[in-house]
Number of protein chains: 2
Amino acid sequence: MRFPRYCLVIKVSTVTVSAVRVDLSLMAVRLADVAKAAGVSQATASRVLNGSDRRPKEEVAVRVRAAAEKLGYFPNAQAQALARSSAGLVGLIVHDIADPYFSSIARGAQRGLEGSGKQLMLASTERVAQAEIEAVRSFMSYRTDAILLAGSRGFDDDVLLQKVLTTYRENGGQVAMIGQPLPNTGGVHIANAVSAAALARELLGAGHRRFAVLSGEAQVTTAVQRAEGFLGQLSGAEVDADAVLQGSFTREGGYRMMRELMNTGIVGPGDGDHKPVCVFCVNDVMALGALAALREEGLSVPQDVCIAGFDDIPTLADQYPGITTVRLPLEDIGRTSAEILLDQAGAERRITVEGIPILRESTRLSRA
Amino acid sequence: MRFPRYCLVIKVSTVTVSAVRVDLSLMAVRLADVAKAAGVSQATASRVLNGSDRRPKEEVAVRVRAAAEKLGYFPNAQAQALARSSAGLVGLIVHDIADPYFSSIARGAQRGLEGSGKQLMLASTERVAQAEIEAVRSFMSYRTDAILLAGSRGFDDDVLLQKVLTTYRENGGQVAMIGQPLPNTGGVHIANAVSAAALARELLGAGHRRFAVLSGEAQVTTAVQRAEGFLGQLSGAEVDADAVLQGSFTREGGYRMMRELMNTGIVGPGDGDHKPVCVFCVNDVMALGALAALREEGLSVPQDVCIAGFDDIPTLADQYPGITTVRLPLEDIGRTSAEILLDQAGAERRITVEGIPILRESTRLSRA
DNA sequence: CTGAAAGCGCTTACAG
DNA sequence: CTGAAAGCGCTTACAG
């Protein structure tokens, strides 16, 4: 948005004559214009309009507000940011805004910011580590008051990421992580291992004895923790998984690994004698991909194969049969982390949330 | 992010001694610091670092870049915005970022901005007209270069919204609409009526003769246009819809209206003699809600009832049976509208996209 | 090619 | 309570 510099404000209004619109406004109204119109100093106008501990006399305030209203004054947030050394901005970094996991969190974050006067800047990094770091840099340039980082990250990226975040914090920026925590960083931590273990316990309790696990890349901490938590619980019950695969932490990854499970014969049409294998996918999106592979082969859930995910993304509400998962209060998580950031004192506050296993049709055993 | 004002930069670095980290950096590095370190004027440093038509000598440039790198300089985007009268920001306003329709568009918009150096500001308005206007005001304050408005809006809100957008444009801001166009506004226009008519044509061609339409609020232009386009095509074929309901343009709305359809007996278990009713929901989310209602009553799709939506949100890929819909290239739409904004000359450019009917299982007729 | 200086639109000690 | 003035960190004519 470009505002010409040297010109007088004639009048801010639009005159419509038939189909012809004559535009009379030439530039944005500045605080100085409002002050002049109200017959006060710029300092006073600022105090009336944009908040201050000093409260001008009500009579003056009324005049200023009237002038601002009449001229259509909008404070220039950039100038305010510069003068105040605070931009009123919060940056949110997600892997993919089109992924329901992240868009739910984003919605929560947006809600958490409501009424705070802060605006959200969004960066969707497409899971590229470099893009994530670029996003942090950009947010630093914009002097965002805080940065919210959502999603699991790998060990390797951490060095660079941490370095830049450290710089950010040294300059007074706040950081909150969602999901996987980074050292010295507050936010909402998801108890992946424990929650996955709870799911395994429920599944065992429901009578399952045959399992497979579809996990994500070895560097994706979240994937690893979920898989390990799940497997740990199994071995505690003296149960071994038939297979543990490792692939991409995405829908496509779930699809491919399930295909592999079918190719190797670990998963196939039920013979009525054995219990179906219960396949734990370390996130819901992967479970959806796995399901697509099963459907292509005409295998039915839960008769031939049982399936479980993790996250309880909103998409699952429309799945039929219902898919067993671990419920995470995604929107709340987003909201809470925004609130943590807003709460100055809570800079280092860290909250841990445990997921709740939800057993649905997809893991229902027909025979005891 | 708060930067203390009166202090010297000692050194920007982090010394790690075993587990103890000693923080030596005290404030953000300014351009003046870099200039001094490199032994040049601030003007020269600016030209080297932040772009300009004037190109300083390479030897000097090298020195400046080295100093910037060494000190860890980050340009202050707010100051740049103030000096340049351009913030490098694009505002995106959606109804609900957690809705796949909007999050797909958001992803596209983000991609369209990639490499342009522009950052995205996001506002999710929860379908509250007032929030939408507030978002525009806020974006105006931040002097965003452009605003992208996604989603259908009602007639009533338009007056206020248009007024504020007009002010915005008068100050040089660009505006693009996605979906429903506003007068004098460029962007990506969705040909709702035509596309819905095309769907009706396909459905008729597939042998359907009994229809019901679940539409959105009367003020939601998109809903009205889709319903009318669909019905218009039917009457052209001398077919009357059994029912046309009007409710909320949401998943919940679809659910309720389908319940009503069942209560009034318009939709029910197939008797094998009649063709099932084909229910057209004016968007996919509504179709999903309608489907949920059908499942609760144990009705099957497409045997008892056929169903069709509109949008082809990514969620549909995981529906089984597949749901007939009208495909909109959501991500492309977002990307294109961002590109339109980036293209200065194209301020008033308007692109129209037609949806493509995709017939899937949910409308398959078993008998010819 | 390079630098001194004004200006972007605000806020906020500091005086009055 | 109110105002004059300096300052926030940049960019960019304007001279040299």
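Chain letters run A, B, ... following the sequence lines, proteins first, then strands; residues in each count from 1.
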Under a 3.5 Å cutoff on both atom distances, Watson-Crick or G-U, what's the dot-bracket for DNA chain D ([ ] crossing, | other strand)?
|||.||||||||.|||

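Taking the side chain of B:Ser41 as heavy atoms from C-beta on, and the options C:dA4, D:dA4, D:dT11, the nearest nucleotide is C:dA4. With distances taken from any side-chain atom of B:Ala79 to the nucleotides C:dT2, C:dC10, D:dC10, the minimum falls on D:dC10. The side chain of A:Arg30 lies closest to C:dG9 when the candidates are C:dC8, C:dG9, C:dA4. Ranking C:dC10, C:dG7, C:dG3 by closeness to the A:Tyr73 side chain, first place goes to C:dC10. Minimum atom distance to the side chain of A:Leu31 is reached by C:dT11, of the listed C:dC8, D:dG3, C:dT11.
We find that A:Arg63 and A:Glu58 are not joined by a salt bridge, their nearest charged nitrogen and carboxylate oxygen being 4.0 Å or further apart.
Residues B:Arg349 and B:Ile351 form a side-chain contact, since some pair of their non-hydrogen atoms from C-beta on lies under 4.5 Å apart.
For D:dT2, neither phosphate oxygen OP1 nor OP2 lies less than 4.0 angstrom from any side-chain nitrogen or oxygen of A:Thr44.
A:Leu165 pairs in a side-chain contact (heavy atoms from CB on, under 4.5 Å) with only one of the listed residues (A:Thr185, A:Leu160, A:Ile133, A:Val175), which is A:Val175.
Residue contacts shown for B:Gln42 include a base, since a base heavy atom lies under 4.0 Å away.
Remark: the B:Arg47 side chain and the C:dG3 base include a donor-acceptor N/O pair separated by less than 3.5 Å.
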